[in-house]
**Q** 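So that we are looking at the same thing, I have put the structure below in structure tokens.
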Number of protein chains: 2
Amino acid sequence: MQTILSDFTKHLKAEGLRLTKERVHLLETICSFKGHFIADDILFAIKSRRKSGSRATLYRLLPVLVKASLIQQSLLYDGQTKYEVTWNKAHHDHLICSSCSMVIEFKHNTIEILQREIANKYGFILDRHVMELVGRCKDCRRKNDVSPRLC
Amino acid sequence: MQTILSDFTKHLKAEGLRLTKERVHLLETICSFKGHFIADDILFAIKSRRKSGSRATLYRLLPVLVKASLIQQSLLYDGQTKYEVTWNKAHHDHLICSSCSMVIEFKHNTIEILQREIANKYGFILDRHVMELVGRCKDCRRKNDVSPRLC
DNA sequence: CCACTATTGAGACGTAATCTCAATAATATA
DNA sequence: TATATTATTGAGATTACGTCTCAATAGTGG
């Protein structure tokens with residue numbers, strides 16, 4: 001059976017990296033999150049579970065996990081680098097309300113195909129992409145359309 | 001005639017912000033750049049043109065200009081927040097080589113239309129988007145495909 | 001089990017960006 | 001135009017995020 005850990009192990013070997021307790025522990029912690037998280041969420045979680053755990057090790061691991069396609073980065077427009085687990089999950093992109101920060105996940109096959117075509121046209125092989133649509137949701141538009149009160 | 005300054009003025013008024021000398025000066029400086037630039041490029045430019053100019057003011061202005069769609073942010077995958085002027089320019093997205101950092105600008109009308117459709121489907125009105133395709137260019141792939149030397 | 005080498009962790013460090021607050025400038029109103 | 005009101009500015013302190021260093025430690029292949 002294929003687990004995130006077995007895929008991780010495979011990737012480490014392929015890259016000549018070692019499977020250490022700390023890396024496994026970090027991966028487990030990361031997998032416990034639902035949805036988006038930031039580096040500090042992980043740091044806080046590992047420090048509360050047991051004494052040890054260092055920022056350096058975490059920051060060294062994150063790009064490895066991204067490269068292994070176990071997690072992905074997203075912007076979500078509030079300045080902090082956010083991540084989410086993507087292993088065994090359907091790929092999706094984000095639609096974000098610039099007013100209330102609501103995030104909607106969506107997938108669009110045609111766009112995915114077109115993106116690959118574009119890359120190929122320029123001689124690239126596409127590894128990944130970031131696509132984030134920013135707009136205003138129905139509720140926030142309604143709120144703003146209310147005429148200003150006179151008092 | 002419509003200038004970037006007149007659009008800027010309009011936007012400021014609409015947002016209840018004031019048209020100040022410093023803001024105009026910053027905008028002029030920003031307009032003098034070709035292609036991508038970072039916050040520090042602007043800071044350096046305004047400090048060399050005249051004595052004054054503060055980081056705080058610049059960083060306060062940048063999100064205003066983004067919101068007014070006069071500039072846009074891009075990631076371009078090297079850790080620093082990059083900007084480019086988008087006023088009166090054909091919109092484009094980026095294709096980036098993860099190995100040599102080459103950037104190709106492209107535009108794809110179908111994708112633009114689909115993006116707007118997606119937003120509408122979820123009740124959003126689309127203001128802007130970020131789409132960056134990351135892959136490996138032909139040259140970098142070739143370099144890596146060379147068999148490793150034995151010594 | 002040994003030798004070799006990658007990894008870890010604590011904290012120093014670097015850098016981008018934000019915050020503070022008194023002085024100043026822009027706008028609305030009389 | 002003068003005045004009142006309020007946003008803006010700027011210098012520097014401060015924060016926040018991420019990277020680096022290096023000695024101690026832990027994996028790994030033989």
**Q** Side-chain donor-acceptor pair under 3.5 Å between B:Thr57 and B:Ser54, yes or no?
**A** yes
**Q** Counting heavy atoms from C-beta on, name the nucleotide in C:dA17, C:dA6, C:dA10 closest to the side chain of B:Ala39.
**A** C:dA17
**Q** How close or far is atom P of C:dA16 from atom CD1 of B:Ile42, stated in whole angstroms?
**A**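 For the pair B:Ile42 CD1 and C:dA16 P, the rounded distance is 13 Å.
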**Q** Once you round it to whole Å, what is the distance between P of D:dT8 and CZ of B:Arg23?
**A** 4 Å
**Q** Any chance the side chains of B:His92 and B:Glu84 put a donor and an acceptor closer than 3.5 Å?
**A**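 Indeed, the side chains of B:His92 and B:Glu84 share at least one donor-acceptor pair under 3.5 Å.
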**Q** Figure out the CG/P separation between B:Asp40 and C:dA17, and round it to whole Å.
**A**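 These atoms are roughly 8 Å apart.
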**Q** Do A:His129 and B:Glu132 have a side chain donor and acceptor closer than 3.5 Å?
**A**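 Judged by distance alone, the side chains do not pair up.
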**Q** Would you kindly give the CG-to-P distance between B:Leu43 and D:dG10, to the nearest whole Å?
**A**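 Rounded to whole Å, this separation is 11 Å.
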**Q** Are any of A:Tyr59's side-chain N or O atoms less than 4.0 Å away from OP1 or OP2 of D:dG18?
**A**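 Yes, such a contact exists.
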**Q** What is the distance from NZ of A:Lys82 to C1' of D:dC17, rounded to the nearest Å?
**A**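 Interatomic distance, NZ of A:Lys82 to C1' of D:dC17: 13 Å.
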**Q** So does B:Thr20 get a side-chain nitrogen or oxygen closer than 4.0 Å to the phosphate oxygens (OP1/OP2) of D:dT8?
**A** no
**Q** On DNA chain C, check which nucleotide each of A:Gly16 and A:Thr57 is closest to and give me the residue with the more 5' one.
**A**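 The 5'-side residue here is A:Gly16.
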**Q** Quick one, B:Lys67 with B:Leu65, criterion side chain to side chain contact (heavy atoms under 4.5 Å, CB included). Give me CA distance, side-chain angles, the key distance, then yes/no.
**A** CA-CA 5 Å; B:Lys67 196 165 185 200; B:Leu65 295 178; over 6 Å; no
**Q** Given D:dG18, C:dT5, C:dC19, which nucleotide is nearest the side-chain atoms of B:Ala56?
**A** C:dC19
**Q** Using a cut-off of 4.0 Å on non-hydrogen atoms, how would the nucleic acid contact of B:Ile38 be classed: base, sugar-phosphate, or nothing?
**A** nothing
**Q** Mind checking A:Arg60 for me? I need base, sugar-phosphate or nothing, with any heavy atom below 4.0 Å counting as a touch.
**A**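 Base contact.
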**Q** Rounded to whole Å, how long is the line connecting atom CG of A:Leu61 with atom C1' of D:dG18?
**A** 15 Å
**Q** With the side chain of A:Thr81 defined as its heavy atoms from C-beta on, choose the nearest nucleotide among C:dA26, C:dG9, D:dG18.
**A**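 The listed nucleotide nearest to A:Thr81's side chain is D:dG18.
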**Q** Take atom CG of A:Leu12 and atom P of C:dA6, then tell me their distance rounded to the nearest Å.
**A**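 To the nearest whole Å, that distance equals 14 Å.
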**Q** Tell me, yes or no, whether the heavy-atom count around A:Lys121 atom NZ, taken from other residues, nucleotides or ligands under 6.0 Å, exceeds 12.
**A**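 Not buried by this count: 12 neighbours or fewer within 6.0 Å.
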**Q** Under 4.0 Å between a side-chain N or O of B:Ser54 and OP1 or OP2 of D:dG12?
**A** no
**Q** Quick one: B:Lys47 NZ to D:dG10 P, roughly how many Å, whole number?
**A** 10 Å
**Q** Looking across every strand, which nucleic acid part, if any, lies under 4.0 Å from A:Arg55 by heavy atom: base, sugar-phosphate, or nothing?
**A** base
